[in-house]
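To keep things clear, I will list the structure first and then write my remarks on it.
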Amino acid sequence: MDRTTCCVVGGGPAGMMLGLLLARAGIEVTVLEKHGDFLRDFRGDTVHPSTLNLLDDLGLGARFAELPFPKLQEMRAQIGDTTVVMADMRRIPGRHKYFAMVPQWDFLNLIADAAAAEPSFTLRMRTRATGLRTEGGRVTGVRYVDEHGAPGELAADLTFACDGRDSPVREAAGMRQRYFDVPMDVWQVRVDAPPSSQLRSSRGDPHADAVKEGRVFARFGGGQAAVTMDRGSYFQTSYLIGKGQDAALRRHDVQWLRDRLGALFDWDAAVTDTIGSWDEVKLLEVTFGRLRRWHRPGLLCLGDAAHTMSPVGGVGVNLALQDAVAAARLLAGPLRRGTVSSDDLARVQRRREWPMAVVQKSQQSEHAMIRSALAGTLYGDRLPVPMKLLRRIPALRTVTGYLGGIGIRPEPTPDFARVSPGAPRR
Ligand SMILES: Cc1cc2nc3c(=O)[nH]c(=O)nc-3n(C[C@H](O)[C@H](O)[C@H](O)COP(=O)(O)OP(=O)(O)OC[C@H]3O[C@@H](n4cnc5c(N)ncnc54)[C@H](O)[C@@H]3O)c2cc1C
């Protein structure tokens, strides 16, 4: 049987960042990821200013900057014919005043490369955790199936469940999230853009030229809601449907969806006809909830495994990363000393719980708006009060930009993980 100090299940944002940070503390860490690569679409492709600052601290800023990415400086929503700037990142403190729109696999590959340089780091791809090892009520590692289908066990002083919202590890530990109502599920589809085609964003919007790069458009109107990211050669598009309505709506011809997207985004048939069939439209069921207690002896849940985030606002990845930073900073000492206790695990939860709860609260209020949009009762000339305030008071958009981009409790990078710019790692 293999042995490590920390077993991290899940090579998503939380798990990969945690693996890198713990390895930089000199702690032996093994990350298990069930997929063979990070090439999964629709996983949240925005890298927030707080993460960009973190990458600088980790000495990875220059490599990240080599990736081609558009910068998103403001987030706007259009309700009927009324445009509201929901968040403005241009005046937030720090070097990075934008969201970098980078496919998540590029980000995770960068973290994986940096972690591979650490002698105490191991990443095992195509390795799926299937259960927990326990001794006297304490989690002592995991059982897994490896890339050849062979079962195995990995003993660990501490196991982290970073395996996402359906977290098999959390389930194996008998931990249940409390789920909240959500009004929607999401259809994800790529809509190819002919090179000559542009997202006709203006509809008379004076801000249209202000954001040349990194364009994300949220549109609400006529009982519909959708968000699209302009990726140059295609639009990565999320179309919101009522919770549980997937099967019923798919009885329509796919032209039904093409017509709706065309009307919302002013796309002509040359664009919408690139949706060939329903097979290209992926359903992502939205769940939203959290654990009351994130830990058991020998086990800590982080990211979506601890608190499943709604996609609204695009904040789940950032929260997962911040969880990882806090956990590494607070637990590196006890892990090195071999003294990790339930109190140490509880400290991580206490540190991260209230920023997460505040974000979930704000997502709940955004769900109310989506509910009203899908019911056809959200109108541009009768905006909800928060949107009216955002239109009237520009400084508020910087506040929302800060809260979205940096977060309510930014986590300091642990000293053991820092690299000064230009300095070799070892
Ligand atoms: C439709 C939708 C759209 C979203 N859009 C955004 C967005 O634009 N921006 C944003 O910030 N957030 C978005 N979110 C939320 C975001 O996806 C999550 O909050 C974030 O991915 C959580 O990161 P994580 O590392 O905790 O988990 P995940 O990203 O879910 O990573 C978990 C990892 O664990 C692996 N895994 C699972 N089970 C096992 C196992 N048994 N063994 C080994 N590995 C395993 C998975 O393969 C995966 O790589 C969206 C969510 C949804 C549902």
Side-chain angles (χ1 to χ4, degrees), residues 1-12 14-23 25-34 120-124 127-146 150-178 289-308 320 323-353 356 414:
M1 183 181 51
D2 300 336
R3 189 164 182 93
T4 184
T5 305
C6 289
C7 169
V8 177
V9 180
M16 290 307 297
M17 183 56 72
L18 181 66
L20 168 63
L21 296 177
L22 290 175
I27 292 163
E28 211 185 345
V29 55
T30 299
V31 178
L32 308 183
E33 167 54 49
K34 68 178 177 181
S120 61
F121 178 84
T122 305
L123 172 60
R124 298 185 61 174
T127 303
R128 185 166 54 87
T130 52
L132 289 170
R133 300 177 75 246
T134 55
E135 276 168 41
R138 182 182 173 83
V139 175
T140 56
V142 297
R143 286 195 293 280
Y144 63 82
V145 173
D146 74 9
E153 292 194 8
L154 178 64
D157 294 347
L158 183 58
T159 299
F160 291 93
C162 296
D163 47 352
R165 61 202 193 133
D166 297 325
S167 179
V169 168
R170 181 189 68 214
E171 294 296 309
M175 300 159 87
R176 303 266 179 272
Q177 287 200 4
R178 175 180 162 221
R290 60 193 189 224
L291 285 173
R292 203 172 62 78
R293 194 157 176 250
W294 296 13
H295 53 94
R296 290 277 182 278
L299 174 70
L300 178 63
C301 300
L302 295 175
D304 269 22
H307 45 77
T308 302
D323 283 1
V325 176
R329 201 181 59 246
L330 295 171
L331 297 176
L335 279 164
R336 282 200 199 102
R337 295 189 293 274
T339 60
V340 179
S341 65
S342 290
D343 284 351
D344 294 318
L345 304 184
R347 276 179 70 208
V348 178
Q349 176 173 349
R350 275 201 302 279
R351 170 89 200 167
R352 296 301 308 153
E353 194 167 28
M356 173 281 298

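Everything numeric in this text was worked out from a predicted model, so none of it was measured.
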Original post:
Is a donor on one side and an acceptor on the other found under 3.5 Å between the side chain of Arg170 and the backbone of Arg165?
Top reply: yes
Original post:
Partners of Ser341 by side-chain hydrogen bond (donor to acceptor under 3.5 Å, both in side chains), sequence neighbours excluded?
Top reply: Asp344
**OP:** For residues Cys7 and Val142, report the shortest heavy-atom separation together with the two atoms involved.
**Re:** SG-CG2, 3.7 Å
**OP:** Would you name the heavy atoms of Ala324 and Leu21 that are closest together and state the gap between them?
**Re:** O-CD1, 4.0 Å
**OP:** Enumerate the residue pairs fulfilling salt bridge (Lys or Arg N to Asp or Glu O under 4.0 Å) with a member in residues 323-343, sequence neighbours excluded, ordered by first and then second residue.
**Re:** Asp323-Arg352, Arg329-Glu411
Original post:
Does anything in residues 129-146 pair up under salt bridge (Lys or Arg N to Asp or Glu O under 4.0 Å), and if so which pairs, sequence neighbours excluded?
Top reply: Arg133-Glu135, Arg133-Glu153
Original post:
With the threshold set at 4.0 Å, does a side-chain nitrogen-carboxylate oxygen contact exist between Arg176 and Glu171?
Top reply: yes
Original post:
Excluding sequence neighbours, so at least two apart, what forms side chain to side chain contact (heavy atoms under 4.5 Å, CB included) with Leu335?
Top reply: Thr5, Cys6, Leu22, Ile27, Leu158, Leu331, Val340
Original post:
Who pairs with Asp2 by salt bridge (charged side-chain N to carboxylate O under 4.0 Å, His left out), at least two apart in sequence or on another chain?
Top reply: Arg124
Subject >> Closest heavy-atom pair and its distance - Pro334, Leu330 >> reply: CD-O, 3.5 Å
Original post:
Yes or no on side chain to side chain contact (heavy atoms under 4.5 Å, CB included) for Phe121 and Val31, after CA distance, side-chain angles and deciding distance?
Top reply: CA-CA 8 Å; Phe121 178 84; Val31 178; 3.7 Å; yes
Original post:
CZ/Arg290 to NE2/His307 distance, rounded to the nearest 0.5 angstrom?
Top reply: 10.0 Å
**OP:** Supply the atom-to-atom distance Leu154 CG to Met1 CE, rounded to the nearest 0.5 angstrom.
**Re:** 8.5 Å
Original post:
So, for Phe160 and Ala327, which heavy atoms are closest and what is the spacing to 0.1 Å?
Top reply: CE2-CB, 4.5 Å
Original post:
Do you know which two heavy atoms are closest between Pro168 and Asp163, and how far apart they sit?
Top reply: CD-OD2, 3.1 Å
Below 3.5 Å, can you tabulate the donor-acceptor pairs from side chains in residues 292-305 to any protein atom, sequence neighbours excluded?
residue: Asp304; atom: OD1; partner: Met309; partner atom: N; Å: 3.4

**OP:** For residues Ala326 and Arg351, report the shortest heavy-atom separation together with the two atoms involved.
**Re:** CB-CG, 4.1 Å
